[in-house]
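First comes the structure, then the notes that go with it.
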There are 4 protein chains.
Amino acid sequence: MIKKQEVIPSMIKNQRLVQERRQQIVEGAVRLFIEKGFHKTTTREIARECGLSIGTMYEYIQSKEDVLYLVCHYIHSLLLEKLHSISSHHLTAKEMLASSLTQYFQIMDELRPYVVLIYQETKSLPSEQMKLVLAREEEITLFFEQMLVRGIEDGSFQIPPSSVRLTAHNIVVLGQMWAFRHWALRKMYTLKEYTEKQVSLLMIEIQGVRR
Amino acid sequence: MIKKQEVIPSMIKNQRLVQERRQQIVEGAVRLFIEKGFHKTTTREIARECGLSIGTMYEYIQSKEDVLYLVCHYIHSLLLEKLHSISSHHLTAKEMLASSLTQYFQIMDELRPYVVLIYQETKSLPSEQMKLVLAREEEITLFFEQMLVRGIEDGSFQIPPSSVRLTAHNIVVLGQMWAFRHWALRKMYTLKEYTEKQVSLLMIEIQGVRR
Amino acid sequence: MIKKQEVIPSMIKNQRLVQERRQQIVEGAVRLFIEKGFHKTTTREIARECGLSIGTMYEYIQSKEDVLYLVCHYIHSLLLEKLHSISSHHLTAKEMLASSLTQYFQIMDELRPYVVLIYQETKSLPSEQMKLVLAREEEITLFFEQMLVRGIEDGSFQIPPSSVRLTAHNIVVLGQMWAFRHWALRKMYTLKEYTEKQVSLLMIEIQGVRR
Amino acid sequence: MIKKQEVIPSMIKNQRLVQERRQQIVEGAVRLFIEKGFHKTTTREIARECGLSIGTMYEYIQSKEDVLYLVCHYIHSLLLEKLHSISSHHLTAKEMLASSLTQYFQIMDELRPYVVLIYQETKSLPSEQMKLVLAREEEITLFFEQMLVRGIEDGSFQIPPSSVRLTAHNIVVLGQMWAFRHWALRKMYTLKEYTEKQVSLLMIEIQGVRR
DNA sequence: AATGAATGAGCATTCATTCAT
DNA sequence: CATGAATGAATGCTCATTCAT
């Protein structure tokens with residue numbers, strides 16, 4: 001599911017090296033993109049930041065947009081990895097979901113600048129790569145959707161089938177919201193407070209009261 | 001509330017002319033920004049699109065970022081105007097809110113590209129202007145917050161005071177979500193379905209079940 | 001016939017200025033192209049040579065290839081202009097042709113570097129512009145073709161119709177040859193000697209001996 | 001006469017290997033140069049096309065210009081080889097020349113893209129190598145010059161000594177013209193027609209009518 | 001002898017902004 | 001007030017060549 005679908009060609013043959021150098025590039029670029037945005041970051045800056053010469057960097061990518069794609073891919077990988085490592089050895093489906101949500105909100109807090117970056121720069125990708133990134137974004141939704149489906153199947157949740165996906169979207173968005181509205185939310189709530197309130201709301205939605 | 005807080009100096013004295021020309025600029029720019037984004041739009045294109053010469057345009061702004069600020073300001077004006085014109089001659093606070101939410105979702109649908117633009121380009125503003133734009137964004141939240149407060153005061157809603165603002169944020173975000181996740185949501189829901197489900201969820205939140 | 005078919009768009013509105021500046025560009029570029037060839041000349045060098053800033057130069061052209069096109073166009077204009085100003089107030093068609101040939105060879109000598117440039121760089125043009133340049137090249141052939149036709153019509157020349165165009169091509173090429181084989185020819189012949197011999201040969205061809 | 005005048009140093013000692021690899025390089029490069037020109041072909045492309053690594057290729061050349069020189073040398077070798085293999089077991093000098101001319105025109109047709117390449121890219125050679133290439137070009141002229149001299153000596157041809165070399169040049173150029181003016185000539189003549197007309201013209205020149 | 005990763009000077013081109021008219 | 005020609009620093013990207021392995 002988190003398959004590394006590398007669509008970007010490289011001039012370099014040694015695949016191990018390609019992986020390694022691209023990791024370097026991504027790590028340098030992500031810092032800069034967060035700090036000043038994709039458009040205001042120059043390829044020269046990226047090269048300097050990741051310790052490669054401009055020429056060498058271009059042996060591993062084809063265009064500046066490729067760097068953005070690699071960065072988005074990397075962020076989604078981080079996110080999906082953390083998501084899938086969520087511990088779920090709980091007894092009831094309800095408990096498991098609540099715990100997952102809490103952990104998800106925690107992740108959103110940790111990756112706050114990354115989440116904002118994805119939100120703001122995905123649109124700068126060439127359409128082909130944008131599609132791939134959006135597909136990965138949907139994977140996150142799918143993660144929660146499947147969790148919900150399991151709860152429905154064992155009778156724990158009462159969400160009508162037509163609402164399952166929307167509920168998953170709501171979960172995802174209310175989590176990301178902590179990142180992209182942080183400028184406002186932080187003035188009133190701590191992560192803990194925010195998490196408690198939103199999880200509580202989502203649990204109501206999931207238990208199907210009045211739906 | 002929708003006070004035109006003009007922070008942008010102009011070379012031109014005649015204030016009526018300044019208003020008029022800036023409206024021209026905004027209307028041209030917004031089309032282009034939606035189509036190709038702020039960074040990929042050139043000042044020349046903006047001038048051409050709004051029927052001014054590049055020189056004349058610069059008599060009314062100081063930098064390209066000013067245009068972005070004017071555009072953001074304009075979008076928020078549109079939004080706030082529509083929001084404040086929401087009809088509210090209903091009997092109960094509950095009914096009034098439900099109707100407002102429905103109308104708000106309708107507005108989000110109409111202004112979809114504008115909402116997305118605000119989401120993606122606000123970060124390109126100089127920090128001073130970004131603050132002003134975010135303040136206007138909070139005004140939208142405030143609109144719903146006040147509506148909730150009225151409902152609480154007359155006993156219709158049971159939201160703990162500490163959650164009022166968050167609920168307002170939730171309303172705003174679940175509305176904007178129809179715009180910025182439209183690429184995924186449109187595959188499953190019509191605006192009507194989306195509105196019904198989300199309004200229903202928000203009404204539960206507001207009526208304070210298990211909170 | 002020497003119609004200035006300007007196909008190259010410019011950012012500048014004032015057409016007189018466009019003409020003037022392009023003339024500047026062409027005059028600078030032609031010197032450099034002759035000296036070092038099209039590919040080894042940089043746009044910065046062209047700008048410097050013609051006294052424009054690089055930015056200003058690009059207001060009058062769209063690409064480096066455009067400069068090459070303008071240069072080719074200019075050279076053909078020079079050539080065609082000189083060709084059409086060939087005096088031809090002679091009595092017989094035969095005399096007129098001989099004189100024209102002599103003057104044509106004289107022109108080829110004067111424009112030697114230009115002729116070589118056209119020969120070597122036309123292929124670097126985008127195909128659309130190459131076609132236009134080749135069409136102008138054919139105009140030169142046409143010039144002699146028409147002269148031959150007139151001589152045939154009044155009975156002075158005995159060239160079969162199917163050979164008229166080839167004869168015109170031969171005239172043109174034997175003239176250009178003085179330019180592009182000059183490195184070898186100059187070792188043995190002066191322009192005068194070369195002209196006499198080739199004109200004499202061409203006159204035989206035209207008088208149709210054994211054809 | 002077709003002596004391989006190797007002026008290009010190599011890192012490799014084994015001369016047989018040097019010959020072999022350079023042949024590989026030339027065969028790859030000539031295809032690319034014809035297709036897209038010398039300047040628009042990259043060394044990487046040449047290496048790929050000839051099946052060598054870029055590093056290996058550079059063991060056998062010193063610069064990209066060296067490849068161009070090798071290519072020019074190769075083309076001249078092809079040309080001179082074909083030229084010298086022209087069958088000449090005819091009786092009279094006149095017949096022999098006519099046959100040679102016909103076969104030469106045939107060769108020019110076969111090698112059309114090569115001839116054009118030489119015409120357009122020789123100027124890109126460093127002057128030292130350009131001289132060598134031009135010397136080989138003169139060898140072609142010399143081939144015909146010698147044929148003419150033999151005809152003069154046995155009384156078959158009546159060309160004044162001062163015109164022999166020019167006549168040889170004319171032969172060479174009228175042959176090459178079929179290649180470099182093919183874009184125009186092909187519209188009116190087949191190779192056969194072209195050959196007949198030009199050979200006929202050249203035979204007049206050689207038989208010295210009115211000279 | 002072969003390889004291919006690394007280099008960075010250099011290139012064509014863009015574009016926000018200015019300012020003389 | 002309006003115009004649009006002029007500017008040049010800055011940008012993304014290329015590619016011939018080298019050299020450690």
Side-chain angles (χ1 to χ4, degrees), chain A residues 10-14 17-18 20-21 39-48 51-67, chain B residues 10-14 17-18 21 39-48 52-67, chain C residues 10-14 17-18 20-21 39-48 51-67, chain D residues 10-14 17-18 21 39-48 52-67:
Chain A
S10 167
M11 293 275 89
I12 267 61
K13 300 190 173 179
N14 183 339
L17 199 53
V18 171
E20 207 178 293
R21 289 270 184 270
H39 283 104
K40 291 198 176 154
T41 303
T42 69
T43 52
R44 280 173 163 81
E45 285 172 318
I46 299 171
R48 194 187 318 124
L52 298 175
S53 72
I54 184 74
T56 300
M57 188 173 86
Y58 265 91
E59 296 279 313
Y60 295 91
I61 54 163
Q62 307 246 68
S63 70
K64 194 186 168 193
E65 274 75 26
D66 280 354
V67 178
Chain B
S10 168
M11 292 282 94
I12 270 62
K13 305 293 163 196
N14 181 341
L17 196 54
V18 171
R21 289 269 186 270
H39 282 102
K40 292 198 175 152
T41 302
T42 68
T43 50
R44 264 168 145 127
E45 286 172 318
I46 299 170
R48 195 186 316 126
L52 298 175
S53 73
I54 186 74
T56 302
M57 190 172 86
Y58 264 88
E59 296 281 317
Y60 296 92
I61 56 165
Q62 306 248 63
S63 73
K64 194 186 167 192
E65 273 74 26
D66 281 354
V67 178
Chain C
S10 167
M11 292 276 88
I12 268 61
K13 301 191 173 177
N14 183 340
L17 198 54
V18 171
E20 206 178 293
R21 289 269 185 269
H39 282 103
K40 291 197 175 154
T41 302
T42 68
T43 52
R44 278 175 161 78
E45 286 172 318
I46 300 170
R48 194 186 317 125
L52 298 176
S53 73
I54 184 72
T56 300
M57 188 173 87
Y58 265 91
E59 295 279 314
Y60 296 91
I61 55 164
Q62 308 246 65
S63 70
K64 195 186 167 192
E65 273 76 25
D66 280 354
V67 179
Chain D
S10 167
M11 293 282 92
I12 270 63
K13 306 291 163 197
N14 181 341
L17 198 52
V18 171
R21 289 270 185 270
H39 282 103
K40 291 199 177 152
T41 302
T42 68
T43 51
R44 264 169 145 127
E45 285 172 318
I46 299 170
R48 194 187 316 126
L52 297 176
S53 72
I54 185 75
T56 302
M57 189 172 89
Y58 264 89
E59 296 282 317
Y60 296 93
I61 56 166
Q62 307 248 64
S63 72
K64 194 185 167 193
E65 273 74 26
D66 281 355
V67 179

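Treat the numbers as computed from the prediction; the structure is a model and nothing was measured.
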Going by the rule side chain to side chain donor-acceptor pair (under 3.5 Å), which residues pair with [X] if we only count those two or more places apart in sequence or in a different chain?
| X | value |
| --- | --- |
| A:Glu45 | A:Lys36, A:Thr42 |
| D:Arg48 | none |
| A:Thr56 | A:Ser53 |

Rounding to an integer number of Å, can you tell me how far [X] [atom1] sits from [N] [atom2]?
| X | N | atom1 | atom2 | answer |
| --- | --- | --- | --- | --- |
| A:Tyr60 | E:dT7 | OH | C1' | 12 Å |
| B:Asn14 | F:dA2 | CG | C1' | 14 Å |
| D:Leu17 | E:dA2 | CG | C1' | 11 Å |
| D:His39 | E:dG10 | NE2 | P | 16 Å |
| B:Arg48 | F:dT3 | CZ | P | 15 Å |
| C:Gln62 | E:dT13 | CD | P | 10 Å |

*With a 4.0 Å cut-off on heavy atoms, is B:Leu52 in touch with a base, just the backbone sugar-phosphate, or nothing at all?*
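Contact class for B:Leu52: none.
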_Applying a 4.0 Å non-hydrogen cut-off, can you work out what B:Met11 is touching in the nucleic acid: base, sugar-phosphate, or nothing?_
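No contact.
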The side chain of [X] is closest to which nucleotide in this list: [options]?
| X | options | answer |
| --- | --- | --- |
| B:Ile12 | E:dT17, F:dC1, E:dA6 | F:dC1 |
| A:Glu59 | E:dT7, F:dC1, F:dG8 | E:dT7 |
| C:Tyr58 | E:dT13, E:dG4, E:dT7 | E:dT13 |

Table of protein N/O atoms under 3.5 Å from nucleotides 9-11 of chain F N/O atoms:
unit_1: F:dA10; atom_1: N6; unit_2: C:Arg44; atom_2: NH2; d: 3.0

*When you check the phosphate oxygens OP1 and OP2 of E:dA2, does a side-chain N or O of D:Ser53 lie under 4.0 Å from one of them?*
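Result: no.
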*When you match A:Thr56 and C:Ser63 each to their closest nucleotide on DNA chain E, which lands nearer the 5' end?*
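By nearest-heavy-atom nucleotide position, the 5'-most residue is A:Thr56.
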*For A:Glu59, check salt bridge (charged side-chain N to carboxylate O under 4.0 Å, His left out) against everything at least two apart and list the hits.*
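D:Arg44.
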Can you see which heavy atom on [X] is nearest to which on [Y], and at what distance?
| X | Y | value |
| --- | --- | --- |
| C:Lys64 | C:His39 | NZ-O, 3.7 Å |
| B:Thr43 | B:Met57 | O-CE, 3.6 Å |
| A:Val18 | A:Ser10 | CG2-OG, 3.8 Å |

*Kindly determine whether A:Asp66 and A:Tyr60 satisfy side chain to side chain contact (heavy atoms under 4.5 Å, CB included), including the steps that lead there.*
CA-CA 9 Å; A:Asp66 280 354; A:Tyr60 295 91; over 6 Å; no
*Separation of B:Ile61 CD1 from B:Leu52 CG (nearest 0.5 Å)*: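 One gets 9.5 Å once the value is rounded to the nearest 0.5 Å.
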_Can you give me the dot-bracket string for DNA chain E, 5' to 3', counting Watson-Crick and G-U wobble pairs with both distances under 3.5 Å, using [ ] for crossing pairs and | for partners on another strand?_
.||||||||||||||||||||
_Which is more 5' along DNA chain F, the nucleotide nearest B:Met57 or the one nearest D:Glu65? Just name the residue._
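In this pair, the answer is B:Met57.
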